[in-house]
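Heads up: the structure comes next, in structure tokens.
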Amino acid sequence: MALSSIAISPRKLRHDLYSYSYQEDSNTPLVISVLASLIERTMARNKRIAQNCNLALSRDSRTRVFDCSESPDLTVQSYLERIFRYTRAGPPVYVVAYVYIDRFCQNHPEFKISARNVHRLLITTIMVASKYVEDMNYRNSYFARVGGLTTHEMNKLEVEFLFLTGFKLHVNVSVFESYCCHLEREVSAGGGYQIERALRCAQEIKARQKQERRYNYQIAHVLL
């Protein structure tokens, strides 16, 4: 999906990221389209590399938990829109989820995002990011229904993801802003537009830095 095909004006984009409305009838955050475009391009690149090198994607046993037996018939854009429609997670959640995905791929270079694993990776990282960013969250069972999984599968994906990332969930302001910049460049390359930093979102994350020392992600709580 080309970003240039999305009707985004600089003013609209700035307003969306600076003062996003968390009302029930709020429009889908523009960051979803940007993130979907970036991930879909990454998937296409991984597919070309796998075909040229005759390699299988995501063959490491520790990361196979994200693989589906069949690739879901749902685009990344549609899947992200579905998650937003039923969870109303705001723009900071998707930026933090993007940070988690990037960290995960860097820590496990054998893992390549593909049509078989992208949906489970997205619902897992968005759920974990929502717990980190938002004050109130849905239960794992609800995220499971939104993502098309069973509660057992959702719990297992979360636990495996936490261990595979070493429980390193903290995202400070500078990291958050650097990933906003990356998304800005993504939009600029895709359609000549410019994303402004989500300052209010960054401030929300900064306020939670003081709670980092007390942040204790218990497995027992995860399985509730």
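Both backbone and side-chain heavy atoms feed into the values below; hydrogens, waters and symmetry mates do not. The structure presented is a predicted model; accordingly, all values stated were derived computationally and were not measured.
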Discussion item. Working note: Arg116 + Glu70, criterion salt bridge (Lys or Arg N to Asp or Glu O under 4.0 Å); need CA distance, chi angles, decisive distance, verdict.
Written reply: CA-CA 7 Å; Arg116 289 186 58 191; Glu70 295 183 3; over 6 Å; no
Practice prompt. Go through the steps to decide whether Gln77 and Ser33 satisfy the test side chain to side chain contact (heavy atoms under 4.5 Å, CB included), and finish with yes or no.
Written response: CA-CA 6 Å; Gln77 174 80 20; Ser33 295; 3.3 Å; yes
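Side chains of Ser130 and Asn137: a donor on one and an acceptor on the other come within 3.5 Å. Using a 3.5 Å distance cut-off with no hydrogens or angles, the side chains of Tyr179 and Asp102 do pair a donor with an acceptor.
Listed for the Tyr79 side chain is a donor-acceptor partner under 3.5 Å among the backbone atoms of Gly147. A side-chain donor-acceptor contact under 3.5 Å links Tyr132 to the backbone of Val171. In this structure a side-chain-to-backbone donor-acceptor pair under 3.5 Å is present from Thr165 to Leu162. The main-chain N or O of Asn155 is never found under 3.5 Å from a side-chain atom of Asn140 such that the two would form a donor-acceptor pair.
Using a 4.5 Å cut-off on side-chain heavy atoms (C-beta onward), Leu80 and Val76 make contact. Put simply, the side chain of Ile113 reaches to within 4.5 Å of the side chain of Ile101, judged on heavy atoms. Using a 4.5 Å heavy-atom cutoff, the side chains of Ile83 and Tyr94 are in contact. Taking 4.5 Å as the limit, every side-chain heavy atom of Val31 sits out of range of all side-chain heavy atoms of Tyr98.
Salt-bridge annotation for Arg62 and Glu160: absent, with no side-chain N of the basic residue lying under 4.0 Å from a carboxylate O of the acidic one. Ion pairing between Glu158 and Lys131 holds under the 4.0 Å rule for side-chain N and carboxylate O.
For the atom pair CG (Leu149) and OG1 (Thr124), the distance works out to 7.0 Å, reported to the nearest 0.5 Å.
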